[in-house]
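None of the values given here were measured: they were computed from a predicted structure. By convention here, the first residue in the shown sequence is residue 1.
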Amino acid sequence: MKRRDFLLRCSAGLAMLAAPRLSLFASDSVAEDDHSFVIVFLRGGVDGLQLVAPASDSFYQDVRLGGLKVLDWGNEAGLLLDNGLGGVGFRFHPLAKELHEFYQEGKLAVLHACGLTNGTRSHFEAMSLIERGLVQNSSAQKGWITRALHELAPKAELPALATSGGLPQSFAGFEPAASITDLKTFSLPDNHDFPRLLRKWYGGNSRMDQTARRTLDTLKLLSDTRLNTDPTAMYPTTWYTTELNQHFQTLAQLIKEGLGVRIAMVDSVGWDTHENQITYFPRLVEGLSTSLAAFYRDLGHHRKKVTILVMSEFGRRLRSNRSHGTDHGYGNMMMVLGDRVRGGQMYGRWPGLSQENLNKGVDLEITTDYRAVLGEILQETLRLKRMDRIFPGFQGAEPLGIFG
């Protein structure tokens with residue numbers, strides 16, 4: 001096997017930068033805990049106005065095409081959310097049944113009108129800003145997760161994890177971060193001499209050499225742990241959930257093994273629905289709802305120490321377009337799931353959808369900075385205090401009250 005082939009196979013290129021047995025960032029500066037913060041990032045800009053719809057709003061019902069809105073009445077009505085915002089009757093998309101059940105059980109909190117306060121419609125720019133914990137471009141290159149982990153200083157074997165086959169920009173600058181998509185294929189050929197030969201090959205000080213050695217360290221760690229890769233919950237079997245299921249199963253197994261996963265990111269792709277949203281969106285919603293529920297069940301008793309955030313880089317416009325889809329917008333929903341969450345409620349401030357309340361007359365206005373949500377979760381679950389060190393230029397916000 002060639003050197004480059006080894007790295008491509010084990011780390012999706014050079015993205016997999018794994019931690020050895022003892023973290024290089026061990027410190028007593030922050031009290032150690034084993035809570036895990038999982039971000040489920042809906043890449044492409046989810047239509048939060050159809051996933052969590054202001055169904056009783058007449059402006060919403062008037063301007064959205066049939067099939068691109070959630071109904072407030074009849075047999076095809078959405079799933080009603082108690083304790084809505086601003087006197088509006090919000091409803092989940094009809095296929096978000098598991099999300100609705102979590103909400104009713106008091107485990108899921110829903111926020112709306114959240115996002116980047118500068119309102120970009122560029123996927124690249126929005127994701128880059130969010131990954132770096134910013135609202136305006138600056139010279140800051142490290143990711144917000146990297147800053148959080150440096151503050152946390154975890155004494156963990158696998159503190160930072162992505163499951164998408166590469167490391168998102170939010171992990172930039174944190175070398176012990178790992179990217180592992182499938183534990184069943186994350187291995188070397190069955191040859192006892194092969195690891196020794198690879199270490200000899202990569203004995204230098206270049207970044208490629210260091211990456212290879214960290215990859216080997218993580219492979220040994222997982223091999224020594226003797227992971228059980230069989231899930232303890234039934235995941236959906238529909239073809240459009242295969243990739244997301246694999247990501248969730250991998251993360252669940254690593255959390256259950258007690259390897260110290262503190263912050264993890266799972267990507268869900270395909271939410272850029274400019275065209276034929278009536279066909280694609282229901283599949284995406286059902287896939288997210290059923291797969292996330294299976295992941296939560298798979299965690300077993302470990303779910304008591306896991307908090308999950310569902311977010312996207314931006315939302316979609318209020319008015320649907322001529323291609324039976326929706327175009328890039330601003331404000332969007334966010335969801336927080338966990339046993340510590342004060343669920344069964346919606347949080348934030350609803351700005352309304354009348355023409356004078358829309359941003360530039362077309363978009364849901366943003367009333368909650370996305371960093372306020374991230375910050376509250378980091379404070380409550382990982383016990384981090386200095387949000388200005390994690391989100392440059394952010395002076396904090398009044399607590400939303402998501403946690404009891």
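- Of all the heavy atoms in Val135 and Leu116, the pair that sits closest is CA-CD2, 4.0 Å.
- Aromatic rings of Phe314 and His123 (six-membered ring for Trp) have centroids within the 6.0 Å cut-off, being under it.
- Applying the side-chain hydrogen bond (donor to acceptor under 3.5 Å, both in side chains) rule to pairs touching residues 362-372 yields Arg121-Asp363, Asn359-Glu365, Asp369-Arg371, sequence neighbours excluded.
- Rounded to the nearest 0.5 angstrom, His328 NE2 and Glu313 CD are separated by 7.5 Å.
- Residues Leu49 and Leu364 share a closest heavy-atom pair of CD2-CD2, 4.2 Å.
- The distance from the CD1 atom of Ile278 to the CD atom of Gln50 is 8.5 Å, given to the nearest 0.5 Å.
- Closest heavy-atom contact between Leu251 and Leu161: CD1-CD2, 3.6 Å.
- Taking the side-chain hydrogen bond (donor to acceptor under 3.5 Å, both in side chains) definition, one finds that Thr237 meets it with nothing, sequence neighbours left out.
- Here Tyr235 and Phe295 keep their ring centres 6.0 angstrom or further from each other.
- Taken to the nearest 0.5 Å, the NE2 atom of His247 stands 13.0 Å off from the CE atom of Met265.
- Listed by chain and number, the residues in a side-chain contact (heavy atoms from CB on, under 4.5 Å) with Asp388 are Arg386 (sequence neighbours excluded).
- Shown here are the salt bridge (Lys or Arg N to Asp or Glu O under 4.0 Å) partners of Asp57, two or more places apart in sequence or in another chain: there are none.
- For Thr279, the side-chain hydrogen bond (donor to acceptor under 3.5 Å, both in side chains) partners at least two apart in sequence or on another chain are Asn276.
- For Asn137, the side-chain contact (heavy atoms from CB on, under 4.5 Å) partners two or more places apart in sequence, or in a different chain, are Glu125, Leu129, Arg132.
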Show which side-chain atoms of residues 392-403 pair as donor or acceptor with protein atoms under 3.5 Å away, not counting sequence neighbours.
none

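- At a threshold of 4.0 Å, the pair Arg319-Asp327 does not count as salt-bridged, since none of the basic side-chain nitrogens sits closer than that to a carboxylate oxygen.
- Note: Trp144 and Phe37 have tilted aromatic rings, judged against thresholds of 30 and 60 degrees for the angle between ring planes.
- Here the closest non-hydrogen pair linking Asp47 and Asn332 is C-OD1, 4.5 Å.
- Ser323 and His274 make their closest contact through CB-O, 3.7 Å (heavy atoms, listed as atom of the first residue, atom of the second, distance).
- A salt bridge links Lys305 and Asp34; the closest N-O separation between the charged side-chain nitrogens and carboxylate oxygens is under 4.0 Å.
- Taking the charged nitrogens against the carboxylate oxygens, Glu131 and Arg43 do have a contact shorter than 4.0 Å, which makes a salt bridge.
- Pro282 meets the side-chain contact (heavy atoms from CB on, under 4.5 Å) test with His93, Leu95; sequence neighbours excluded.
- Residues Trp271 and Tyr280 keep their aromatic ring centres 6.0 Å or farther apart.
- The closest side-chain donor-acceptor pair between Gln277 and Thr326 falls under 3.5 angstrom.
- A donor atom on one side chain and an acceptor atom on the other are not found under 3.5 Å apart for Gln246 and Thr242.
- Here the CG atom belonging to Leu158 is positioned 5.5 Å from the CD1 atom belonging to Ile180, to the nearest 0.5 angstrom.
- Within the model, atoms CZ of Arg340 and CD1 of Ile377 stand 12.0 Å from one another, a figure rounded to the nearest 0.5 Å.
- With contacts defined as side-chain heavy-atom distances shorter than 4.5 Å, the pair Leu318/Val362 does not qualify.
- In this structure, the separation between CG on Leu99 and OG on Ser289 is 3.5 Å, given to the nearest 0.5 Å.
- Contacts classified as side-chain hydrogen bond (donor to acceptor under 3.5 Å, both in side chains) and involving residues 68-79 (residues at least two apart or in different chains) are given here: Asp72-Arg91.
- In this structure, Tyr60 has no side-chain hydrogen bond (donor to acceptor under 3.5 Å, both in side chains) partners at least two apart in sequence or on a different chain.
- For the 3.5 Å distance criterion, the side chains of Asp339 and Tyr296 qualify, holding a donor opposite an acceptor.
- Minimum heavy-atom separation, His112 to Phe90: CD2-CE2, 3.7 Å.
- Contacts of Asp272 classified as salt bridge (Lys or Arg N to Asp or Glu O under 4.0 Å), with partners at least two apart in sequence or in another chain: Arg316.
- Residues that satisfy the side-chain contact (heavy atoms from CB on, under 4.5 Å) test with Thr290, not counting sequence neighbours, are Glu98, Pro236, Thr241, Glu286.
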